[in-house]
Amino acid sequence: MYLDELNREQREAVLYDQGPLLILAGAGSGKTRTIIYRVAHLIKQGVSPYEILVMTFTNKAANEMKERIRDILGTKYPGMWVGTFHSICLRILQQESIHIGYRTPFTIYSTSNQDTVIKKCIKELDLDQNKFKPRMFSTAINKAKNNLQSYDKFLDSNNPYDKTIGKVYKLYQEELKSNNAMDFGDLIMNTVILFRENREILKKYQDKFKHLLIDEYQDTNRAQYKLVSLLTQNNKNVCAVGDDDQSIYGWRGADLNNILDFENDYQNVKIIRLEQNYRSTENILRAANSVINNNINRKVKELWTDKGIGTKVHLYQADDEETEAYFVLKTIKELNLIKGYEWKDIAILYRTHAQSRPLEDAFLYHNLPYKIYGGTRFYDRKEIQDILAYANLIVNPHDNTRINRIINVPRRGIGERTFERLSNYAAEKNVSYYEAIERTEDIDTLSATYKNKINDFKSLIEKLKVFENENPVDEVINEIALTSGYIDDLSELKKRNSVEAETRLDNIAELINVANRFATLNPDAGLKEFLSSIALETDVDSYEEEDESVTLMTLHAAKGLEFQVVFLVGLEEGLFPSLKFDSNDEDDELEEERRLCYVGMTRAQEELYLSYARSRRQYGEMKYNMPSRFISEIPNECLDQINIEEETGVRSRKQYNKAVECNNPYIVGDKVEHEKLGIGIVLEIDEDIIKVDFLQSGTRMLATEFAPLRQIKDDEITDSMQDIEPEKKKAQLSNGMPDFTVGDIVEHDHFGIGEVAVYDGEFITIDFNNAGRKMLSIAFTKLRKV
DNA sequence: GGTTGCGACGTTTTT
DNA sequence: CGTCGCAACC
C-alpha cells in the first residue's frame with residue numbers, strides 16, 4: 001500500500017479530501033512525492049484524470065511528475081493535464097485563440113525575438129537609440145504583463161518615462177498581434193483575459209478541472225495567481241504546495257504574499273507543514289536554517305533530519321577566482337579518489353553564469369568531465385534561430401520578424417533596399433510581409449531581377465510547406481538546412497574558418513537530433529507541436545542524472561535538484577549577495593538573495609563546501625570583495641575552516657601553475673618587505689595604493705608603482721618572520737583592545753565609526769554609519785573602541 | 001554590399 | 001574581459 005511509504009504529515013496531505021489545502025513543504029521534505037501520491041490517490045478514489053490539473057514551473061518538474069505518476073499507477077494517463085504554467089496556457093490559448101483575436105497556430109517569441117521587435121518599435125517611434133535600450137522596455141513590459149497591466153496605465157501616466165514605455169508597449173503589442181505572435185508574458189496574461197471576458201469558456205475549464213495542484217506556489221506572480229483564482233472560483237479544490245523560504249523569482253514578478261496570504265484568500269484552509277528533511281545531514285541543515293533565520297518576512301519553521309550529524313560545512317578562502325577554481329578541482333579529485341564519490345554526485349553552484357569560466361578553464365586543463373547548464377542557451381544560437389525561423393515561417397507565414405531575419409540568410413541577393421521596398425508595400429496595403437511576397441508583381445518599385453529573387457524565396461518556402469505535410473519533423477529540419485542553402489553556406493565558410501563553422505554545423509546536427517527524438521516520442525505531433533515544445537524549453541530541462549560528469553549551474557537552475565556534494569562558490573559581498581546594499585539592510589532583495597543561499601545550501605546531501613575569493617576579476621578589473629555576510633550567519637560549530645592563512649597566498653597560486661595577471665601584485669594579507677621599513681602585512685588595497693602595517697614602524701600608505709617593496713614568499717619566511725601574526729595580535733591586545741562584543745562602538749581608519757553586529761573571534765561584522773555593513777578579518781583590521 | 005576594426009558598454013537570476 | 005553596434009574600408 002503506497003500510503004505506508006509516507007510520514008504522518010505527508011499522508012494527511014494525500015488523504016485530505018475536499019477544499020483548499022496549503023502544503024508548506026521545506027527543502028527536501030518529500031514535496032514531489034506528496035503531490036504525486038495525492039494525484040494517485042485522487043484517481044484511486046474515482047476522480048477522472050481529465051479532471052486533474054497539475055501546474056509546475058519547469059518542464060523538468062512537469063516531466064518528473066508525469067513519469068512518477070505513471071510509475072505509481074502503472075498506466076499512462078494521457079488525459080491528465082500536467083505541465084508548466086506556460087505550457088498549460090499555451091494549450092488553452094491554442095484551442096481558444098479565436099476568442100482573443102489570434103489565429104491558430106500562433107508563434108511564440110522568446111526573449112531574443114522580443115528584443116528584435118522592441119528594437120524595431122524604438123526605431124519606428126523615432127526614439128533616441130542611445131538613450132533607450134531595448135532591455136529597459138522588455139524588462140518593463142514583462143513586469144507589466146506579470147502584473148496584468150496593459151499599456152493604458154502607462155500612457156495615462158504623468159511621468160514622461162512611463163509614457164514612453166506605454167508608447168513602446170502599445171506598438172510592440174500591435175506588432176506582435178500582426179505577426180500572430182505572443183511572448184512568454186502574453187501566454188499567461190492572455191489566458192487571464194480570455195477567462196475574464198468569456199464567462200462560458202471560463203466555466204468550461206472550471207467544470208473540467210475539479211482538482212488543481214500547484215507546485216512551487218511561492219513563485220507565482222500576479223497573473224498566475226489570478227489564473228489560479230479564476231479557475232478555482234467555484235470549486236475550491238486547490239492544493240498549493242510551496243516553501244516561502246525558496247522563493248527566488250521575485251525579479252520575475254513572483255509575489256511572496258501569494259503563499260503568505262493563502263489562508264486569507266480561501267476560506268477554511270487546511271495547512272500542513274512538512275518539516276522533516278530527508279536529504280541533508282544535521283550540520284548542513286543547521287547551517288542552512290541559521291542563515292534563513294535572518295529573514296524577517298517568512299513563516300517560521302525549522303527543518304529537522306535524522307540523517308545524523310555528518311561532516312561540518314567546509315569553508316575555504318581563496319586568493320582569487322583561479323585559486324578558488326583550483327581548490328574546487330583539487331577537492332573534487334580527492335573526494336573521488338579517497339571517498340569514492342562519482343563525478344555525477346557533485347555539483348558546483350554559483351550566482352552568475354560568468355563565474356563558470358575559471359572553473360571551466362581549470363576542469364578542461366585537468367581533464368575533469370563537467371557539464372554546464374544554462375548560459376548561452378542552445379536555442380539562442382544564431383544558426384538555430386535561423387533554421388527555426390524557417391520552420392516557424394512554414395507554420396505561421398505572417399511572422400514578419402522571422403521573414404526579416406532570414407529572407408537574406410544565407411545571402412540570396414535580397415538586400416536592405418529591396419527589403420525596404422517590400423516592407424513599404426506591405427505597410428501601404430496593410431498586409432503581412434508574406435502576403436506582399438505573394439504579390440511581387442504588384443510592387444512597382446521593384447525591378448524584374450529583384451522580383452525574381454523574392455519569388456525564388458517564396459517558392460523555397462512553398463516547397464518546404466509541401467514537404468512538411470508529408471514528412472516527420474527531423475526530416476523537415478534537415479530539408480530546411482539543405483534547401484535554404486544554409487549548409488552550403490557554412491561548408492563554404494568552413495574552408496576559411498573551420499572551428500566556427502564546424503560548431504555551427506554540429507549545432508544544426510544536434511537540432512535535427514532533438515527533432516528526431518521528439519518525432520519518436522510524439523509520433524502524432526507535427527512541426528507546430530515541435531516548435532511550441534522547444535519554445536518553452538530551457539537548458540536545465542535537458543539535465544540528465546546518468547551523465548558521468550560534474551554539474552555546473554546557477555543557484556536558480558539548481559532548485560529542485562539534490563547532490564551528495566555541493567560547492568557553493570563566490571560567496572562575496574557584491575557578488576552574492578549581488579546587490580550593493582547600503583545601510584538599509586533588511587531589504588526585500590537582500591532577503592531574496594538569502595533565500596537563494598538557502599536553496600543552494602539545501603541541495604547538499606552529505607558534503608557542503610563554501611568558498612570565497614579575496615580578489616576577483618569583474619568587468620576585466622580587479623575587485624576586492626568582503627566575504628559574504630551569509631558566511632557569518634552560519635554558527636561556528638557547524639563550520640570547518642579549511643585554510644584561513646596557512647594555505648592561502650603564494651603557495652596555492654603557485655600550485656595552480658598559472659601566472660596571475662594583475663596591475664597590483666598584492667592582495668590583502670600578503671607579507672611584504674620594504675627596503676627601509678622592513679617587514680609588514682598588506683591591510684588594504686585601493687587601486688595602486690596599498691596600506692601596509694609594518695612590524696616596527698606602524699601603518700603606511702604606499703604607491704606600489706614606486707615603493708621599494710617586494711613580496712615575501714612563504715618558503716622564505718624565517719623564524720622571526722613567522723611571528724608576524726602573534727606579534728600583531730599582541731600589539732592589538734596591548735593597544736587596549738581585549739575583545740569586542742556585539743554593540744560596541746568602534747572606529748576604523750577607513751570606514752569610520754560603526755557598531756559591532758557580529759563577532760566570532762575571527763571575523764567581525766560592523767555596521768558603519770557611513771560605509772554600511774562590512775565584515776572584516778580581525779587579524780587584518782585595526783579597530784579602536786570608542 | 002560585405003568585411004573588418006575599433007570604441008563604448010555592461011552583468012544577476014528564466015518561463 | 002567580452003560582446004555588440006557602428007563606421008570606414010575593400
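Convention: sequence-line order gives letters A, B, ...; per-chain numbering from 1. When reading the values below, keep in mind they use all heavy atoms of this one structure, side chains included, and skip hydrogens, waters and symmetry mates.
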Looking only at side chains, do A/Ser611 and A/Glu324 share a donor and an acceptor under 3.5 Å apart?
yes
Sugar-phosphate only, base, or nothing, as touched by [X] at under 4.0 Å among non-hydrogen atoms:
X: A/Thr111; result: base
X: A/Phe576; result: nothing
X: A/Lys119; result: sugar-phosphate

Taking atom C1' in both C/dC6 and B/dT11, compute the distance separating them and give it to the nearest angstrom.
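To the nearest whole Å, 22 Å.
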Between B/dT12 and C/dG5, how far apart are the two C1' atoms, rounded to whole Å?
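Between the two C1' atoms, the distance is 23 Å.
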[X] vs [N]: side-chain N/O to OP1/OP2 distance below 4.0 Å:
X: A/Arg135; N: B/dT11; answer: yes
X: A/Arg595; N: B/dT13; answer: no
X: A/Thr554; N: B/dT14; answer: yes

What is the separation between atom [atom1] on [X] and atom [atom2] on [N], rounded to the nearest whole Å?
X: A/Ile108; N: B/dT14; atom1: CD1; atom2: P; value: 19 Å
X: A/Arg616; N: C/dC1; atom1: CZ; atom2: P; value: 16 Å
X: A/Asn142; N: B/dT12; atom1: CG; atom2: P; value: 15 Å
X: A/His86; N: B/dT14; atom1: NE2; atom2: C1'; value: 9 Å
X: A/Gln355; N: B/dT13; atom1: CD; atom2: P; value: 9 Å
X: A/Lys382; N: C/dG5; atom1: NZ; atom2: P; value: 13 Å
X: A/His556; N: B/dT11; atom1: NE2; atom2: C1'; value: 14 Å
X: A/Ile248; N: B/dT14; atom1: CD1; atom2: C1'; value: 10 Å

Relative to A/Tyr249, does A/Arg252 satisfy both conditions: NZ or CZ under 6.0 angstrom from the six-membered ring centre, and within 45 degrees of the ring's axis?
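Yes, A/Arg252 and A/Tyr249 form such a contact.
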Report yes or no: is the ring centroid of A/Tyr249 under 5.5 Å from the six-membered base ring centroid of B/dT13, with the two planes under 30 degrees?
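Stacking between A/Tyr249 and B/dT13: absent.
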Please tell me which of A/Arg417 and A/Lys133 maps to the more 5' nucleotide of DNA chain B, matching each residue to the nucleotide holding its nearest heavy atom.
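Checking each residue's closest nucleotide, the 5'-ward one belongs to A/Arg417.
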Under the rule for ring-ring contact (aromatic ring centres under 6.0 Å, His included), what residues qualify as partners of A/Tyr225, not counting sequence neighbours?
none
Taking the six-membered ring for Trp and the full ring for Phe, Tyr or His, determine whether the centres of A/Tyr172 and A/Phe137 are under 6.0 Å apart.
no
For the ring pair A/Phe576 and A/Tyr350, is the centre-to-centre distance below 6.0 Å?
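For A/Phe576 and A/Tyr350, the ring centres are not under 6.0 Å apart.
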Starting the side chain at C-beta, find the nucleotide from [options] nearest to [X].
X: A/Ser578; options: B/dG1, B/dT14, B/dT12; answer: B/dT12
X: A/Tyr619; options: B/dT12, B/dG10, B/dT14; answer: B/dG10
X: A/Arg411; options: B/dG1, B/dT12, B/dG2; answer: B/dG2
X: A/Asn408; options: B/dG2, B/dT14, B/dT12; answer: B/dG2

Sole residue of A/Ile108, A/Ile403, A/Thr401, A/Thr107 in side chain to side chain contact (heavy atoms under 4.5 Å, CB included) with A/Asn392:
A/Thr107
Would a distance-only check, ignoring hydrogens and angles, find a side-chain to backbone donor-acceptor pair under 3.5 Å from A/Lys31 to A/Gly242?
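Such a contact is absent between A/Lys31 side chain and A/Gly242 backbone.
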Any donor-acceptor pair under 3.5 Å between the side chain of A/Arg252 and the base of B/dT13?
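For A/Arg252, whose side chain was compared with the base of B/dT13, there is no donor-acceptor pair (under 3.5 Å).
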With sequence neighbours excluded, residues passing side chain to side chain contact (heavy atoms under 4.5 Å, CB included) with A/Glu321
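For A/Glu321, the residues satisfying side chain to side chain contact (heavy atoms under 4.5 Å, CB included) (neighbours in sequence not counted) are A/Pro358, A/Arg616, A/Arg617.
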With the criterion being N/O to N/O and under 3.5 Å, what pairs connect the protein with nucleotides 8-10 of chain C, and how long is each?
none

